Amino acid sequence: MLQVAYIRAHKNEVVAKLAVKNFDARDIIDALISLDEKRRQTQAEHDDTLANSNKLSKEIGILYKSGNTEEANAKKAQTAELKDRSKQLSQLLSETQKMLHDKLVQIPNIPHESVPKGKSEEDNKVISQEGEIPNLGDHAKPHWELVAEKNIIDFELGVKITGAGFPVYRGKGAKLQRALINYFLDKNIEAGYEEVMPPHLVNEASGFGTGQLPDKEGQMYHVTEDNLYLIPTAEVPVTNIFRDVILKKEDLPVKCTAYTPCFRREAGSYGKDVRGLNRLHQFDKIEIVQIQHPEESYKTLDSMVDHVAGILRELKLPFRILQLCGGDISFTSSLTYDFEVYSTAQDKWLEVSSVSNFESYQTNRLKLRYRDDDKKIKLCHSLNGSSLALPRVLAAIIENYQDANGIRIPEVLIPYCGFDKIE
RNA sequence: GGAGAGAUGGCAGAGUGGUCGAAUGCGGUGGUCUUGAAAACCAUUGUACAGCAAUGUACCGGGGGUUCGAAUCCCUCUCUCUCCGCCA
């Protein structure tokens with residue numbers, strides 16, 4: 001969430017920038033500022049009242065000790081009114097704070113100045129495209145046909161065991177999946193990321209910290225009996241490692257990578273674009289997370305983009321990089337680049353990674369800070385990206401690497417797979 | 001699932017109604033000494049909010065209560081640990 005003090009000081013700028021996200025912030029920010037004023041005023045008054053009653057209590061204590069009961073009792077009588085007043089004020093204060101907080105979490109992150117205006121994904125800006133789109137002729141098959149033919153992914157079996165969107169990978173399909181996980185992790189470790197294996201269920205505080213709660217409650221599987229959520233991405237447990245942490249400046253940047261399964265309810269997205277591996281309820285993803293100094297975070301974002309591009313290049317998949325427009329960028333992000341690979345048989349670009357700078361939007365929720373050279377405590381910037389999400393990469397590999405006899409394995413994956421072809 | 005214990009500052013750990021934001025030790029930072037280092041010694045060392053500041057207020061797991069006054073007493077919730085049972 002944004003910082004109230006910042007909104008107060010840059011009201012017009014905030015409103016103008018949020019308009020890029022098609023968010024009309026005028027009313028909510030007016031309400032927020034007046035609530036903040038009320039909060040500060042109430043708090044000042046409350047503090048005063050408490051200061052008075054603290055003073056009286058101390059005096060009463062001293063009087064009792066010196067045996068002056070009469071005067072002590074007289075002072076006691078004076079406290080009643082103060083007590084009453086402070087009770088009222090503290091109630092008013094906590095109500096005001098709650099209202100303020102409710103407003104604050106409804107305001108999305110401010111987009112970076114480079115974010116283009118736009119209504120939907122149609123308006124995203126293509127930054128670059130590279131890699132050769134293979135010419136497979138008219139016989140190219142979509143991945144869902146190929147995986148059934150080769151018996152490497154069984155969607156119907158997943159339906160039997162769990163439901164739609166929970167595929168079963170088998171044989172060389174399973175091995176290829178495992179190879180991708182190891183390959184991605186190795187690439188990330190090589191680039192200086194520490195590998196972590198976090199829990200796959202998180203509590204409410206963690207869900208709030210990265211911004212999934214309260215806004216996207218319906219997108220996560222919720223284990224109500226224990227009030228835990230299945231993670232929709234490793235971003236949640238990994239970023240929350242640093243919740244309530246004050247880092248030293250020299251600790252920055254912190255770089256973590258994690259492989260986890262991801263669980264998404266995808267409520268309301270049935271129908272289009274859900275065939276095969278395109279959209280699943282459970283999928284595997286390797287995530288990269290960085291905690292960085294505010295002045296360095298955009299350089300870091302670029303380096304993360306380069307890193308992901310390097311992996312797709314090695315896999316020899318045609319891909320393009322998009323900068324998301326105001327209408328498509330997420331609630332919590334300032335600047336997001338999406339990576340899409342070309343899925344030849346589907347004749348479609350599939351999103352395989354999303355790399356974002358959240359600036360201090362998450363860290364303000366997380367209370368993730370660092371001590372700067374001036375000894376002051378300031379919010380870090382947080383960034384993350386997929387490196388990479390498996391199913392669509394797999395779909396693209398299967399389709400782009402098909403030939404008359406089967407599916408070839410990208411060269412970099414052969415050592416991980418132990419075979420070079422699925423026939 | 002059953003029984004018990006506990007939650008205090010970066011860590012360890014004292015404090016059972018009054019000037020306690022909290023002893024002490026360790027750690028951190030700065031300094032003295034030293035060619036340098038170690039040791040020793042000295043000093044310093046939580047966070048948030050309000051305020052230009054002085055300063056004030058809050059925080060001893062969360063919430064509520066008793067009291068003029070709560071880390072300390074009462075209620076309640078959450079979490080952690082130990083033992084037993086079950087179990088990968």
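Note on naming: letters A, B, ... go to the chains in the order of the sequence lines (proteins, then strands), and numbering restarts at 1 for each one. For clarity, every value in this text was computed on a predicted model and none was experimentally measured.
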For the pair made of [atom1] in [X] and [atom2] in [N], what is the distance, rounded to whole Å?
X        : N      : atom1 : atom2 : result
A/Leu93  : B/rA58 : CG    : P     : 12 Å
A/Asp373 : B/rU29 : CG    : P     : 15 Å
A/Glu59  : B/rU19 : CD    : P     : 14 Å
A/Asn364 : B/rC49 : CG    : P     : 10 Å
A/Lys87  : B/rU57 : NZ    : P     : 20 Å
A/Asp47  : B/rA58 : CG    : P     : 7 Å
A/Leu56  : B/rU57 : CG    : P     : 13 Å
A/Gln91  : B/rG65 : CD    : C1'   : 15 Å

[M] and [N], which share atom name [atom1], separated by this distance in whole Å:
N      : M      : atom1 : value
B/rC60 : B/rA53 : P     : 26 Å
B/rA5  : B/rU19 : P     : 30 Å
B/rG36 : B/rU32 : C1'   : 16 Å
B/rG15 : B/rC20 : C1'   : 9 Å
B/rU66 : B/rC75 : C1'   : 10 Å
B/rG25 : B/rU45 : P     : 15 Å
B/rU24 : B/rC77 : P     : 38 Å
B/rC33 : B/rA71 : P     : 44 Å

Would one find a side-chain N or O of [X] under 4.0 angstrom from OP1 or OP2 of [N]?
X        : N      : value
A/Arg39  : B/rA50 : yes
A/Arg371 : B/rU47 : yes
A/Lys55  : B/rG69 : no
A/Asn54  : B/rA58 : yes

Considering Watson-Crick and G-U wobble pairs with both distances under 3.5 Å, what does [N] pair with?
N      : answer
B/rA38 : none
B/rG17 : none
B/rU66 : none
B/rA5  : B/rU80
B/rU47 : B/rA58
B/rC26 : B/rG10
B/rC87 : none

Query raised in the report: How about A/Phe263 and A/His200: are their ring centres within less than 6.0 Å of each other?
Result: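 Not under 6.0 Å, so no.
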Query raised in the report: Under 6.0 Å between the ring centres of A/Tyr298 and A/His293?
Result: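 No, the ring centres sit 6.0 Å or more apart.
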From C-beta outward on [X], which listed nucleotide comes closest to its side chain: [options]?
X        : options                : answer
A/Lys65  : B/rU57, B/rU47, B/rU19 : B/rU19
A/Ala51  : B/rG18, B/rU57, B/rA50 : B/rU57
A/Ile377 : B/rA50, B/rA48, B/rG46 : B/rA48
A/Lys83  : B/rA50, B/rG69, B/rU47 : B/rG69
A/Leu50  : B/rU47, B/rG69, B/rU57 : B/rU57
A/Lys58  : B/rU57, B/rC68, B/rU19 : B/rU19
A/Arg40  : B/rG51, B/rU47, B/rC68 : B/rG51
A/Lys76  : B/rU57, B/rC68, B/rC49 : B/rC68

Below 4.0 angstrom, N of the basic side chain to O of the carboxylate: do [X] and [Y] qualify?
X        : Y        : value
A/Glu399 : A/Lys141 : no
A/Asp30  : A/Lys11  : yes
A/Asp84  : A/Lys87  : no

**Report entry** Nearest-nucleotide comparison on RNA chain B, the residue closer to the 5′ end among A/Asp36 and A/His46
**Finding:**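 The residue closer to the strand's 5' end, by nearest nucleotide, is A/Asp36.
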Query - RNA chain B: 5'-proximal contact among A/Ile60 and A/Asn52 (nearest heavy atom) - result: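 Residue closer to the 5' terminus by nearest nucleotide: A/Asn52.
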Query raised in the report: So what does A/Ser57 touch, heavy atoms closer than 4.0 Å: a base, only the sugar-phosphate, or nothing?
Result: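 Base contact.
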Report task. Kindly compute the distance separating CG (A/Leu185) from CD1 (A/Ile288), expressed to the nearest 0.5 Å. Result ->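 The CD1 atom of A/Ile288 is 11.5 Å from CG of A/Leu185, to the nearest 0.5 Å.
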Query raised in the report: Take atom NZ in A/Lys421; do more than 12 heavy atoms of anything else shown fall under 6.0 Å from it?
Result: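 Above 12, so yes.
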**Report entry** Shortest non-hydrogen contact between A/Arg365 and A/Phe208, atoms and distance
**Finding:**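 Minimum heavy-atom separation between A/Arg365 and A/Phe208: NH1-O, 2.8 Å.
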